[in-house]
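If you read the sequence from its start, that first residue is 1, and numbering goes on from there.
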Amino acid sequence: MEQIFLVEDEIKLRNELSTLLQRNGYKCLSSDNYEGIVEEILTAHPDLILLDLNLPVYDGFYICREVRKNTDIPIIAVTSSKSDLDELDMFHIGADDFITKPFNPRILMARIATVLKRKSGENKSMLLSHKGAVLDLLKGQVTHDGRTVELTKNEIGILKILIENKGAIIPRNEIISSLWEMAEFVEDSTLTVNINRIRKKLEEIGLKEYLITKRGLGYMV
């Protein structure tokens, strides 16, 4: 069940929205601790934040900026203001969508579903998998059978190329060229070092012989 953190100080509206969200299959989280609201949001790590702009202690603009410093959780801003500048400012500081009060509940639900679907697609595109290994490009780590290891930028780039071309031999010079395009200078000997490090890290999480060396040809997974 997807979780939505509702930041709204009008108790009646918050209760109505909470009921609406739950009826539509979402788990609703909220808090009256407006001084520590950013910390509470980050601790809860919801799937989406429904954020009112006019709040006690800190306004929605501040909360949005602070949340964006730490996470890309989708944010839909909610306000009674008719100002186009408010909407523009929210998009500039990282909001994903904007809706003005009073709003049609069905439109709000549609906006929420659209933002969550878009974010889900983005997250999936940041995950590559092959033979039980899951490479998370966003977190810079690879996971297998519940065990995870961290990768360096070059290691991520190399493994990404190999998984995207799984089953095919990728020549050394092609890997080096790809990493060059990523603004990383990689010498032939450096590639060998990185390959050995990747292989060792994969073995640590149970992926022995996952990365295969084809002598004189290149590498494959």
Side-chain angles (χ1 to χ4, degrees), residues 1-8 13-14 16-31 37-55 58-130 133-143 148 151 153 156-157 159-161 163-164 182:
M1 180 182 292
E2 291 169 309
Q3 300 185 43
I4 296 178
F5 201 112
L6 177 58
V7 186
E8 170 60 66
L13 179 57
R14 185 170 68 196
E16 290 174 354
L17 285 172
S18 179
T19 299
L20 177 66
L21 292 168
Q22 291 175 37
R23 284 177 178 172
N24 282 271
Y26 300 108
K27 180 178 180 180
C28 187
L29 309 172
S30 61
S31 174
I37 195 69
V38 173
E39 289 74 16
E40 293 213 14
I41 291 171
L42 295 176
T43 298
H45 198 74
D47 296 289
L48 181 142
I49 303 163
L50 199 57
L51 176 64
D52 188 33
L53 297 189
N54 301 309
L55 297 163
Y58 302 113
D59 62 22
F61 297 96
Y62 172 85
I63 294 170
C64 183
R65 280 193 297 267
E66 292 302 302
V67 168
R68 273 292 166 266
K69 290 178 182 178
N70 297 276
T71 179
D72 64 347
I73 294 171
I75 298 173
I76 296 180
V78 182
T79 183
S80 55
S81 171
K82 304 296 183 180
S83 171
D84 290 338
L85 289 177
D86 282 350
E87 182 174 353
L88 189 60
D89 287 343
M90 284 303 295
F91 283 129
H92 280 162
I93 62 177
D96 295 84
D97 203 349
F98 189 97
I99 191 165
T100 304
K101 300 176 185 176
F103 46 76
N104 184 310
R106 292 177 65 183
I107 292 177
L108 175 62
M109 289 300 103
R111 295 280 188 89
I112 289 173
T114 298
V115 171
L116 285 171
K117 184 178 180 179
R118 183 169 67 237
K119 182 56 65 173
S120 176
E122 290 174 0
N123 289 339
K124 285 180 180 177
S125 69
M126 299 303 289
L127 297 175
L128 297 174
S129 60
H130 176 56
V134 178
L135 175 63
D136 190 321
L137 301 174
L138 198 61
K139 295 181 179 179
Q141 55 188 212
V142 61
T143 301
T148 300
L151 301 175
K153 185 176 180 180
I156 295 167
L159 198 53
K160 176 178 181 290
I161 294 166
I163 293 179
E164 286 179 336
M182 293 165 54

Taking D72 first and then K139, would you say they form a salt bridge - that is, a charged N and a carboxylate O separated by under 4.0 Å?
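No salt bridge links D72 with K139.
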
Cationic N near anionic O, under 4.0 Å, K101 to D52
yes

Measure the shortest side-chain to side-chain distance between [X] and [Y] over non-hydrogen atoms and say whether it is less than 4.5 angstrom.
X    : Y    : answer
D59  : L53  : no
L151 : L135 : yes
V67  : F5   : no
R106 : M109 : no
F98  : T79  : yes
P46  : I73  : yes
L42  : E66  : no

[X] side, atom [atom1]; [Y] side, atom [atom2] - distance, nearest 0.5 Å:
X    : Y    : atom1 : atom2 : result
D97  : R118 : CG    : CZ    : 7.0 Å
L6   : L48  : CG    : CG    : 10.5 Å
F103 : L108 : CZ    : CG    : 5.0 Å
L128 : I161 : CG    : CD1   : 11.5 Å
K27  : S18  : NZ    : OG    : 11.5 Å
T71  : I49  : OG1   : CD1   : 7.0 Å

Please answer whether the main-chain N or O of Q3 pairs with a side-chain N or O of D47 as donor and acceptor at a distance below 3.5 Å.
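Yes, D47 side chain to Q3 backbone: donor-acceptor pair under 3.5 Å.
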
Is the backbone of G94 close enough, under 3.5 Å, to the side chain of R65 for a donor and an acceptor to pair up by distance?
no

What are the two closest non-hydrogen atoms of [X] and [Y], and how far apart are they?
X    : Y    : value
G140 : I156 : CA-CD1, 3.4 Å
L20  : P105 : CD2-CB, 3.8 Å
D96  : P74  : OD1-CA, 3.2 Å

Go through it in stages, so that I can follow the logic: the residues are N24 and I112, the test is side chain to side chain contact (heavy atoms under 4.5 Å, CB included), and I'd like the CA-CA distance, side-chain angles, deciding distance and then a yes or no.
CA-CA 11 Å; N24 282 271; I112 289 173; over 6 Å; no

Please assess L50 against E8 for the test side chain to side chain contact (heavy atoms under 4.5 Å, CB included), listing each intermediate value before the final yes or no.
CA-CA 8 Å; L50 199 57; E8 170 60 66; over 6 Å; no

Stepwise, does the side chain to side chain contact (heavy atoms under 4.5 Å, CB included) test hold for C28 with I4?
CA-CA 5 Å; C28 187; I4 296 178; 5.6 Å; no

E40 and S31: side chain donor to acceptor below 3.5 Å:
yes

